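Have a look at the structure below before the remarks.
In the text below, chain A, chain B and the rest are named by the order of the sequence lines, each starting its count at 1. Source: prediction; values computed, not measured.
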Amino acid sequence: MSKEALYGKTLSELKACVKDLGLPAFTSKQIADWLYKKHVTTIDDMTNLSKKARIQLNEKYEVGLMPPQSFQESVDGTKKYLYQTNNNQFIEAAYLPEENRNTLCISSQVGCKMGCLFCMTARQGFQKNLTSNEILNQIASLPERDTLTNVVYMGMGEPMDNIENVLKSLEIITAEWGYAWSPRRINVSTIGVIPAMRRFIEESEAHLAISLHSPFNEERKQLMPIENVYTAEKLVEALHDYDFGRQRRISFEYIMFKGVNDSAQHVKGLLQLLNGIKCRINLIHFHPIPNSPLEGSDYKTMEFFRDKLSQKGITTTIRKSRGEDIYAACGLLSTKKLLKENSDTDY
Amino acid sequence: MNQHKTKELKAVNVISNELLTDDVHYISVDKPFDFKAGQVIAVAMQPTDEPRLYSIASGISKKHLSILFDVKPEGELTPPLSVVKPGDTIYISEPFGKFLCLDSPATWIATGTGIAPFISLVESKQANNVNLLHGARTLDKFFFQDYLEEQLGNNYQRFCTTEASEKTTEGRLTSYLKNSENLPTNNKYYLCGSSQMVIDVREILIAKGVAFDNIIAEIYF
């Protein structure tokens, strides 16, 4: 894309654009309307703008939407879409249709820096932060866009490691001048990058999903390097600073690994750690990745774990696996095979 | 401590700013807090800026606290941080983090400025029964190599991908690990560097029979 994309700009950014071009201030609201409510793909389609305004805009900008390059469909109806980013890298998004809701799982980065042992995205390393344009393009260019009921930021990347663009995209999705979605239709995940998570809690009203996977420091360190810096204990301590109200949900994601984090001790550890936090726990079946030293717990163990936690008052559910056959399930998104080999490393 | 809310950043005086190579600096500041070797601090130019995290790269008994960093031209912090002078003020958080590398025997693996926590551990006299493997692109990126060699002797190995010298092994650290036939599988392995290095090294170690719970990594982000 040689021109600057309009799609992904907030209303205040659009105001700055029109001011720069010497256009009337109200044009920015009109542009936002065309972009985020009518989803036009060219500036020429913005027919209530004057011809002169459209010419001026076209000189410097374009809408900047790019349709997905391809998709794969699972036997369970899940579809995995491949999108190209503005610098010719690739990301994936997973569309999960259900009876009463249709969810899109979107990416926030190409690759990821967090290095979690169980995650396929981690294996490709980090390539770049997505712009708000690239984050929103996954929604706007989705063929099923108009059927969507929910969006989750649980695809490739750590959303809190790209907090500026994630917040910008959330503003556009939830603002009256934007998609005007309720923030309760959006869930953003994190492994617990505490300072950015604080910003997210303070500046957005979307739900928060925290990848926990172990209540114990030494064990969590082996699974998730972030624990060396931001421990689960500090993470929970930070959550105690906020009142989430009755509508906003915090959930803890817990992938169950056979013989690693699925014992009665872990139930006890979770209860101790999460004491006083109004939350729910989602237990996730581990989808094995190649050459992984980890195995998934069996469903009987997961049910035992769920029941024990539920008995102690924490709403706990086992998340249904979706799209495993097309590598669209939790922790399996990756565009590593599409990366150009980088020979210039220091190791 | 709630993780470095801006009000918890403390103003400290810069003591020195040493340019180690064309883009890597070693900055020392007043030490307002005690810390454990292997911990990190959050650093900002102003108390209201978004701080970035750096491993402490000096021993616990040193008078000053130091960090090692490379300048990211596009970054918001490192370009101004690279030009601070003695007497200037920067802002740091209390030390925190759990990359303490307490177990031995252990193999420590670092690339580039990922050597920082290991410098702190060696200077803190907490490097018993360890092997330190350091990978770098050029010979000038083996920071504090004379000191590390003096302290660790043959237990300090350098791997250089683009240049050769009699003290370094030519080639990639990952190739060395792949080709090693006697990697101790019961050692603890502590890794510090880019996430890609951590991923690649961890995969090699696991393929060589090292249990995943013997591998602890610190990542840069």
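- Heavy atoms closer than 4.5 Å to chain A are found in the side chain of Ile206(B), but not in its backbone.
- For Glu205(A), the CD atom counts as loosely surrounded, since its 6.0 Å shell holds 12 or fewer non-hydrogen atoms of other residues, nucleotides or ligands.
- A heavy-atom distance below 4.5 Å is found between the side chains of Lys221(A) and Lys98(B).
- Using a 4.5 Å heavy-atom cutoff, the side chains of Phe99(B) and Val229(A) are not in contact.
- Sparse packing is recorded around CD of Glu233(A), with 12 or fewer heavy atoms of other residues, nucleotides or ligands lying under 6.0 Å away.
- For Glu170(B), the CD atom is loosely surrounded, since the number of other residues' heavy atoms within 6.0 Å does not exceed 12.
- When side chains are defined from C-beta on, Pro225(A) counts as touching Arg202(B), because their heavy atoms get closer than 4.5 Å.
- Chain B is approached within less than 4.5 Å, heavy atom to heavy atom, by Gly115(A), Cys116(A), Leu117(A), Ala122(A), Arg123(A), Gln124(A) from residues 115-124 of chain A, ordered by number.
- Annotation for Asp34(B): atom CG does not count as buried by contact number, only 12 or fewer foreign heavy atoms lying within 6.0 Å.
- Interface remark: Glu203(B) contributes side-chain atoms only to the contact with chain A (heavy atom separation under 4.5 Å).
- Put simply, the side chain of Thr231(A) does not reach to within 4.5 Å of the side chain of Phe96(B), judged on heavy atoms.
- For the set Leu173(B), Leu177(B), Asp213(B), the entry with the most heavy-atom pairs within less than 4.5 Å of chain A is Asp213(B).
- Around atom CD of Glu164(A), no more than 12 heavy atoms belonging to other residues, nucleotides or ligands sit under 6.0 Å away.
- Residue Tyr176(B) does not touch chain A at all, counting heavy-atom pairs closer than 4.5 Å.
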Throw together a table of side-chain donor-acceptor distances under 3.5 angstrom for residues 192-199 of chain B, partners on residues two or more places apart or in other chains.
unit_1	atom_1	unit_2	atom_2	d
Ser194(B)	OG	Met197(B)	N	3.1
Gln196(B)	OE1	Gly125(A)	N	3.1
Gln196(B)	NE2	Asp200(B)	OD1	3.0

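- No more than 12 heavy atoms of other residues, nucleotides or ligands lie within 6.0 Å of NZ in Lys36(B), so this atom counts as exposed by the packing criterion.
- From Ile226(A), atom CD1 reaches atom CD1 of Ile219(B) across 5.0 Å, with rounding to the nearest 0.5 Å.
- Counting non-hydrogen atoms of other residues, nucleotides and ligands closer than 6.0 Å to CG of Asn154(B) gives a total of 12 or fewer.
- Of all heavy-atom pairs spanning Gln222(A) and Ile216(B), the tightest one is CG-CD1, 3.6 Å.
- Within the 4.5 angstrom heavy-atom criterion, no atom of Met224(A) approaches chain B.
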